[in-house]
Each structure stands twice: as structure tokens, then as C-alpha cells.
**Q** 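Got a structure here, written out as C-alpha cells. Questions coming.
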Amino acid sequence: MSNLVSGLLSNLRNTVILSSIIALVVVGGYMQHARGVDATFVQAVLDATFVQAVLRFLHLVFGIMWIGLLYYFNFVQLRKMPEIPAELKPAVSKYIAPEALFWFRWAALLTWVAGVLLAYNRGYLVDAFALGLTSGNPQHSFIGLGMWLATVMFFNVWVFIWPNQKIALGIVEADADAKAKAAKTAMLFSRLNTFLSIPMLATMGMNQTIFG
């Protein structure tokens with residue numbers, strides 16, 4: 001038994017697959033109760049409440065990966081890189097950082113897409129992006145603020161952080177000065193996203209509880 005558990009947990013792919021299967025079982029349980037146990041499979045899957053629940057779940061999973069990696073870069077990697085001996089730095093820049101940035105940028109995209117689809121499904125997408133000015137509803141103002149902050153952060157990832165990181169890490173050929181400038185630009189926009197993330201998370205975390 002211990003060998004089986006060790007084998008599953010030693011391989012990330014197996015761990016994620018097994019965890020996803022268990023999550024699908026949980027999702028299936030919620031699906032049966034979203035519209036009632038007597039509903040057909042199609043009725044249950046298409047139920048508006050169930051769709052919202054799935055989108056919120058995906059938004060949460062992708063968001064944790066995105067913000068988790070953002071905090072890893074800012075609280076760990078950027079702070080500790082100056083202390084790493086020069087001969088060891090390529091291990092980070094050639095192997096760890098490119099892999100982390102892959103998950104980082106795609107998690108940002110999927111988080112934003114899932115959030116927009118959730119807002120659309122719930123019927124407040126336009127009112128939220130208008131910061132409640134079209135509805136006069138403070139709920140839309142607060143969640144809209146969070147959505148705009150997240151949108152700016154998502155934009156920063158794809159337009160400033162990732163393109164400059166490609167130069168800084170040598171994925172795109174450039175001279176030493178260009179690499180240094182790109183590294184600083186990427187760092188500043190990553191730090192800006194960290195700055196924006198805390199008020200963004202305040203709106204995302206509190207809005208549903210306060211307003212329902």
C-alpha cells in the first residue's frame with residue numbers, strides 16, 4: 001500500500017490525474033443536487049447554478065496557480081537571486097524560471113477567461129466593467145474594481161512581463177544591456193501586479209459573502 005501511495009505521489013502527473021478524478025466525483029455530486037436528483041444528465045449539466053459553480057471552481061484553481069506563482073517570484077525568487085552565487089544562477093534562469101513562467105502566464109489567461117465567463121453567466125459582466133455606473137449597484141462597483149485590477153494584471157503578464165522575461169532569460173537573443181533592461185522592466189511590472197493583487201483579492205474574497 002505504501003509503495004502504491006509513494007508511486008502516485010512521486011509522479012506529479014499521476015498525482016494531478018488522481019486528484020482531478022476525485023474532484024470530478026465531487027463535481028458530479030454537486031451536479032446531481034444543482035437541479036435535483038430527478039433531473040436528467042443534460043438538465044443537470046446545463047443548470048445555470050451548476051455552470052456558475054463549475055466556472056467559480058475553475059476560476060479559483062487557475063487563480064491560485066497564477067497568484068501563487070506571482071508571490072513565488074516576488075517573495076522568493078526576486079529576493080533571493082542576488083544572494084545566489086553567479087555559477088548557480090543559470091540553474092534558475094535556464095530551468096526553473098522558464099517552467100514557472102509557462103504555468104504563470106497560462107494560469108493568468110485561464111483565470112481571466114473563467115472570471116469573465118462567470119460574470120457573463122451571472123449577468124453582471126457589463127455592469128461590473130462599468131463599475132456599477134450602469135446599475136447603481138455597489139456590488140457591481142466592488143466586483144468591477146476587482147475585475148479591472150485583474151484585467152490590468154493579466155494584461156501586464158502577457159504584454160510586459162512575459163515578453164521581457166524572454167529577453168532577460170535568453171529565450172530571445174539580445175545583448176547584455178538589453179537583457180538587463182528587460183529584466184528590470186519585467187521585475188517592475190511583476191512588482192506592480194503584486195501591489196494590485198491584494199486589493200484585487202479583497203474584492204474577490206469578500207464580495208460574494210457581503211452581497212451574496
Side-chain angles (χ1 to χ4, degrees), residues 6 8-20 22-23 55-116 118 145-172 174 176 178-208:
S6 177
L8 287 171
L9 299 181
S10 297
N11 185 291
L12 176 62
R13 183 189 62 184
N14 291 342
T15 301
V16 173
I17 289 173
L18 180 60
S19 180
S20 298
I22 295 173
L55 288 172
R56 182 171 282 114
F57 164 60
L58 295 175
H59 186 54
L60 182 63
V61 171
F62 297 136
I64 288 173
M65 178 173 284
W66 176 20
I67 301 303
L69 285 168
L70 173 69
Y71 287 172
Y72 158 74
F73 286 129
N74 283 272
F75 286 92
V76 180
Q77 184 171 304
L78 287 172
R79 286 181 57 250
K80 303 305 289 185
M81 278 295 284
E83 302 174 22
I84 299 176
E87 66 272 15
L88 298 179
K89 287 183 178 180
V92 176
S93 60
K94 290 185 178 180
Y95 297 99
I96 295 176
E99 183 74 7
L101 285 165
F102 171 85
W103 296 103
F104 174 71
R105 67 182 185 273
W106 289 108
L109 172 62
L110 293 172
T111 301
W112 188 83
V113 170
V116 167
L118 177 60
L145 172 62
M147 290 170 62
W148 271 112
L149 291 174
T151 298
V152 171
M153 292 170 63
F154 159 68
F155 182 84
N156 287 344
V157 168
W158 281 91
V159 176
F160 296 108
I161 297 175
W162 172 234
N164 281 285
Q165 283 287 16
K166 286 193 291 185
I167 297 172
L169 296 174
I171 299 172
V172 173
K179 286 183 178 181
K181 181 179 179 181
K184 183 175 182 179
T185 300
M187 182 276 292
L188 290 173
F189 277 96
S190 182
R191 196 57 51 81
L192 174 61
N193 275 9
T194 301
F195 170 77
L196 297 175
S197 70
I198 298 176
M200 182 274 292
L201 289 171
T203 66
M204 297 296 177
M206 298 183 68
N207 206 73
Q208 185 70 16

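The structure displayed is predicted, hence computed values, not measured ones.
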**Q** Of the non-hydrogen atoms in Gln77 and Ile96, which two are nearest, and what is the gap between them?
**A** OE1-CG2, 4.4 Å
**Q** Near Met206 CE, under 6.0 Å, is it more than 12 heavy atoms from other residues, nucleotides or ligands?
**A** no
**Q** For Lys89, does the NZ atom sit with more than 12 other heavy atoms under 6.0 Å from it, leaving out its own atoms?
**A** yes
**Q** Looking at CE of Met187 and CD of Gln165, how far apart are the two atoms once the value is rounded to the nearest 0.5 Å?
**A** 10.5 Å
**Q** Please tell me if the side chains of Ile161 and Phe73 come closer than 4.5 Å, counting only heavy atoms from C-beta onward.
**A** no
**Q** What closest approach, in Å, do Val92 and Pro98 show between heavy atoms, and which atom pair accounts for it?
**A** O-CD, 3.9 Å
**Q** Answer yes or no: is there a side-chain heavy-atom contact under 4.5 Å between Phe160 and Asn193?
**A** no
**Q** Identify each donor-acceptor pair in which a side-chain atom of residues 58-66 lies under 3.5 Å from a protein atom, sequence neighbours left out, and give them as a table.
**A**
from: His59; atom 1: ND1; to: Thr111; atom 2: O; distance (Å): 2.9
from: His59; atom 1: ND1; to: Gly115; atom 2: N; distance (Å): 3.4

**Q** Of the non-hydrogen atoms in Ala182 and Ala168, which two are nearest, and what is the gap between them?
**A** CB-N, 4.1 Å
**Q** Tell me the closest heavy-atom pair linking Asn11 and Asn14, and the distance in Å.
**A** OD1-N, 3.0 Å
**Q** Is it true that a side-chain atom of Ser197 and a backbone atom of Thr194 form a donor plus acceptor pair closer than 3.5 Å?
**A** yes
**Q** Within a strict 4.5 Å, meaning less than it, do heavy atoms of the Asn156 and Val152 side chains meet?
**A** yes
**Q** Identify every side-chain donor-acceptor pair in residues 101-108 under 3.5 Å, counting partners at least two apart or on other chains, and give the distances.
**A**
from: Trp103; atom 1: NE1; to: Glu99; atom 2: OE2; distance (Å): 3.2
from: Arg105; atom 1: NH1; to: Leu101; atom 2: O; distance (Å): 3.3

**Q** Looking at Ile167 and Ala174, what are the two nearest heavy atoms and their distance?
**A** CG2-CB, 3.6 Å
**Q** What distance separates Ile198 CD1 from Leu149 CG, expressed to the nearest 0.5 Å?
**A** 12.0 Å
**Q** To the nearest 0.5 angstrom, please state how far the CG atom of Asn164 sits from the NZ atom of Lys181.
**A** 9.0 Å
**Q** Enumerate the residue pairs fulfilling salt bridge (Lys or Arg N to Asp or Glu O under 4.0 Å) with a member in residues 62-83, sequence neighbours excluded, ordered by first and then second residue.
**A** Lys80-Glu83
**Q** Does Arg191 reach the side chain of Phe195, with side-chain heavy atoms less than 4.5 Å apart?
**A** no
**Q** Nearest 0.5 Å, please: how far is CE in Met200 from CH2 in Trp148?
**A** 15.0 Å
**Q** Hey, does Met153 have a side-chain heavy atom less than 4.5 Å from the side chain of Val157?
**A** no
**Q** For the residue pair Ala86 and Pro90, what are the closest heavy atoms and their distance?
**A** O-CD, 3.4 Å
